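Written out below as C-alpha cells is the structure these notes cover.
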Amino acid sequence: MSAAVHLDHALARRLLAGDRAEFQALFDSYFPRLYRFALARLRGDADAAQEVVQSVFCKAFERLHTYRGEAALYTWFCQICRNELVDYCRVRAREPASIGLVEDEPAIRAVLESLQAAPGEQPETGAWQRDVQRLVQVALDALPAHYGEVLEWKYVDELPVKEIAARLEMGPKAAESLLTRARTAFHEAFLALCEGREMLTPPSGAG
Amino acid sequence: MGERTTSESRDGPEATLGRLIRAAGRRPAPPDQHYERTLEAALGSWQGAVRRRRVRQRVVGAAAGIAVLAAAAYLLLPQFAAPAGIAGVERVAGVVRARATEALPWSPLAVGTARIARGTEVQTLAGAGAALRLAAGASLRLAGSTRLVLSSATEVQLLAGRVYVDSGGVDAAAQVTVHSAGGSARDVGTQFELGYDPAVFEARLRVREGQVWLRRGAVERLVSSGEQLQAGPGGISGSTQIPRDDASWDWVQQLAVPPRVDGQPVAVLLHWAARETGRQLRYDSATAERHAATTRLRGDIGELAPLQVLDVMLATTDLAYTLAAGSIVIRVKNAPPESRPG
C-alpha cells in the first residue's frame with residue numbers, strides 16, 4: 001500500500017469514526033469533481049449528474065467499511081460513479097457519452113497552439129478544441145486534493161505564489177514546492193489520458 | 001498578473017503547461033442547489049454508516065495480520081485521562097522493557113513514563129505484565145512473554161503472546177488496532193483477550209463482554225461474551241465457554257489500574273471493581289445504593305487488585321460487600337436487609 005493510499009485508508013477510518021470535519025472536507029473536494037465526471041458522460045444533463053452523484057455518495061458511505069485501500073479513495077469513488085452511470089443509463093435506455101483521449105507528449109504543444117488559435121470555422125475544429133479543453137479539466141479533476149485548484153489559481157486566476165500560499169495556510173516555499181508537484185502530476189495525468197488514442201491531432205484547418 | 005518564477009522560462013515546459021491550463025479555462029462549478037441537495041443526502045448516508053459501525057462488532061482474521069480494534073461507546077469513568085504521546089505506562093509487574101528500534105538496546109519500562117514514542121517495541125518476560133493506557137483511551141494489558149510494537153497512537157503490532165483490551169469507559173473518538181499474524185479482531189466497547197502463538201500460527205480469542213466477529217480468510221464467526229474460539233491453519237474451531245469471572249482472567253486483574261477516586265463517589269470505585277472482576281454490581285437495598293452515590297472517598301489507591309482495593313476503601317465507609325453467583329453485592333454495614341421496591 002503506497003503512502004498516499006495508506007493516508008486514504010486512515011481517512012476512511014476517521015470518516016467511519018464520525019469525524020464531521022473530514023466528511024465535509026471530503027465532500028467539498030469530491031463533489032465538484034464527481035459532478036463534472038458524471039456531467040461529461042451524461043452529455044451535460046445537470047439534473048441527471050446531480051442524481052447520479054447523490055447516489056454515488058450514498059452508496060460509497062454505505063460501503064465505506066469495505067474499503068481496504070486497494071486504490072486511492074477518490075479512484076474508489078470514481079469506480080462507483082462509473083457503475084452508477086451505467087445503471088442510470090440502462091434504466092433510462094440512454095447511451096452514455098464516450099470520452100476521447102488526446103495524443104502523447106509531442107502533441108501537447110500542438111494542442112496548446114490549436115487551443116490558443118481562434119476557433120476554426122469548421123465545426124470539427126471547435127468540437128476538437130472543446131474535447132481537449134475538457135480533457136485538461138478531466139486531468140485536473142483526477143489529481144489529488146488541491147493540485148487542480150492550485151494550478152487554476154496560478155494559471156487561470158494568475159494569483160501570485162504568495163497569495164496561493166496564504167490560501168493554503170503554508171509558506172511561499174512550500175507553496176512553490178506544491179506547485180511544482182502539481183505541474184508534474186498534471187503533466188503525467190494529461191499524458192496518461194493522451195496515450196493510445198488516435199485523434200487528437202487537430203483536424204485540418206485548426207492551429 | 002501572475003508572477004513567473006525563476007524556474008520557468010517563457011517557452012519552458014512549465015510555461016507550456018501553464019498556458020495549456022489557462023487556455024482550457026476554469027473548471028465549471030456545480031450549481032449551488034445541486035451541491036446542497038447532494039450534501040443533504042450524503043450527510044444522511046454518512047451518519048447512517050457511522051451509526052452502523054458503532055454497533056457492529058467484528059473480529060477480522062486475515063492471513064497477513066491480527067488486528068484488535070477497540071472503540072468505546074460511552075464515557076463511564078472520567079478520571080481515566082488519556083496519556084500524552086501514543087501511550088503511557090500505568091502499571092508494571094516483573095521485567096518489562098522497551099526499545100525504540102531493533103538496533104537499540106532494551107531499556108526498562110517504568111510507570112509514569114510520560115510518553116512512549118511511535119515504533120517502540122515493548123516486551124514482557126515470563127511471569128511479567130504491563131498495563132498501558134493508549135492515547136485513544138483504551139486499556140492495553142500485556143501478559144507475560146508478550147512482544148509488541150506500538151506503531152502509532154492507534155495501531156499496535158502483536159508479535160507474540162497475549163494482550164487484553166478494555167475499550168469501555170473512554171470517549172468514542174478513536175479506534176485502536178492491534179495487528180499480528182494470525183487473525184483480526186475488531187470490537188466496540190468490549191473486553192476481550194487475543195493471544196497469538198507464532199510457533200503454530202494460531203490465535204485464540206476470548207470475549208469477556210460484548211460480541212466480536214472473528215474472521216480468518218473467508219470464514220467468519222460471531223464470538224459472544226463468555227465464549228472462546230481458536231483460529232489456526234485449519235480454520236476457526238474449538239468453541240468453549242469461559243465465565244466472565246473465571247480464574248483465567250486473573251492475570252488481567254493483577255494489572256488493573258485503580259481509578260483516581262479522591263473526592264469521587266464510592267459508586268465509581270464499585271463500577272470499576274465490577275468491570276475488572278467480570279462481575280455484576282448489585283445493591284441489597286435502596287439505602288445501600290444511595291450511600292454509594294453520595295459517600296465521597298478520600299485519598300487514592302496503590303497497586304492493589306480490585307477486590308483488595310474494595311477491602312481497603314470500603315473499610316472507611318458504611319458499606320461492605322460480599323461475592324455471590326457472579327455478583328458483587330453491596331450492603332450497608334450493620335443494617336437489617338430491606339426489600340427493594342419493584
Side-chain angles (χ1 to χ4, degrees), chain A residues 10 13-20 23-24 27-28 31-33 35-36 39 46-47 49-50 53-65 108-109 111-112 115-116 129 132-137 140-141 148 151-152 154-162 176 179-180 183 186-187 190, chain B residues 1-8 11-31 33-54 56 58 60 62 69 71 136 152 154-155 171-177 186 188:
Chain A
R13 282 165 40 208
R14 290 197 298 276
L15 286 166
L16 285 170
D19 191 326
R20 177 61 193 261
F23 162 80
Q24 192 64 53
F27 183 84
D28 285 343
F31 171 69
R33 294 151 76 187
Y35 183 91
R36 287 187 287 265
L39 192 67
D47 289 333
Q50 186 275 325
V53 173
Q54 178 172 308
S55 185
V56 168
F57 274 101
C58 290
K59 291 216 170 137
F61 286 125
E62 280 170 22
R63 297 174 198 163
L64 190 59
H65 66 283
I108 289 184
R109 187 179 288 276
V111 165
L112 172 64
L115 279 173
Q116 290 174 330
Q129 287 177 329
V132 173
Q133 284 170 341
R134 191 178 67 240
L135 281 180
V136 170
Q137 293 178 353
L140 290 172
D141 270 346
L151 290 172
E152 282 183 338
K154 171 74 175 165
Y155 296 111
V156 176
D157 300 333
E158 298 187 327
L159 296 182
V161 171
K162 208 166 150 184
E176 192 63 62
L179 263 171
T180 301
R183 280 192 287 264
F186 170 76
H187 184 194
F190 192 65
Chain B
M1 176 68 73
E3 65 202 14
R4 182 172 293 122
T5 67
T6 55
S7 65
E8 298 176 7
D11 293 316
E14 290 170 5
T16 302
L17 283 179
R19 293 205 296 276
L20 180 65
I21 294 169
R22 192 177 304 119
R26 174 171 292 287
R27 293 165 292 171
Q33 74 241 36
H34 284 180
Y35 171 90
E36 283 155 18
R37 201 183 303 160
T38 309
L39 176 61
E40 187 181 342
L43 186 62
S45 180
W46 169 70
Q47 288 171 335
V50 171
R51 274 195 300 274
R52 283 191 296 277
R53 190 208 151 270
R54 282 180 180 158
R56 186 190 303 133
R58 303 186 68 92
V60 178
L69 192 69
S152 72
T154 56
E155 294 206 34
D171 286 323
Q175 296 178 334
V176 174
T177 304
R186 180 180 295 177
V188 177

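Hydrogens, waters and symmetry mates play no part in the numbers below; they use all other heavy atoms, side chains included. Protein chains get the first letters and strands the later ones, always in sequence-line order, with residue 1 at the start of each. Everything numeric here is computed off the predicted structure, so don't read it as measured data.
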Dump the intermediate steps for side chain to side chain contact (heavy atoms under 4.5 Å, CB included) on A:Y155 and B:L20, then the final yes or no. CA-CA 9 Å; A:Y155 296 111; B:L20 180 65; over 6 Å; no

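Counting all heavy atoms, side chain and backbone alike, B:A42 lies closest to A:F57 at CB-CB, 3.8 Å. Contact between A:C58 and B:A41 at its shortest, heavy atoms only, is SG-O, 3.8 Å. Scanning all heavy atoms of the two residues, the minimum distance from B:W46 to A:D19 falls at CZ2-O, 3.6 Å. Of all heavy-atom pairs spanning A:V156 and B:G25, the tightest one is CG2-C, 4.2 Å. Summarising the geometry of B:T38 relative to A:Q54, their closest heavy-atom pair is CG2-CA, 3.7 Å, with the distance given to 0.1 Å. Nearest heavy-atom pair across A:A17 and B:V50 is C-CG1, 4.4 Å.
In this structure, chain B has no heavy atom under 4.5 Å from any part of A:L64. Contacts between A:A46 and chain B at a heavy-atom distance below 4.5 Å involve backbone atoms as well as side-chain atoms. Contacts of A:R63 with chain B are absent, with no heavy-atom separation under 4.5 Å from either backbone or side chain. Heavy atoms of A:L15 lying under 4.5 Å from chain B belong to its backbone as well as its side chain.
For A:Y35, the ring-ring contact (aromatic ring centres under 6.0 Å, His included) partners are A:F31, B:H34, not counting sequence neighbours. Annotation: salt bridge (Lys or Arg N to Asp or Glu O under 4.0 Å) contacts of A:D141 (sequence neighbours excluded): A:R36, B:R27.
For the options A:L140, A:V53, A:L39, heavy-atom pairs under 4.5 Å to chain B are most numerous at A:L140.
Of the N and O atoms on the side chains of B:S45 and A:E62, not one donor lies less than 3.5 Å from an acceptor on the other residue.
Taking CG of B:L43 as the start and CD of A:Q24 as the end, the distance is 8.0 Å to the nearest 0.5 Å. Atom NE2 in A:H187 sits 6.0 Å away from atom CG in B:L17 (nearest 0.5 Å).
A:F23 is listed as a side-chain neighbour of B:L39, based on a closest heavy-atom distance under 4.5 Å. Using a 4.5 Å heavy-atom cutoff, the side chains of A:Q137 and B:P28 are in contact.
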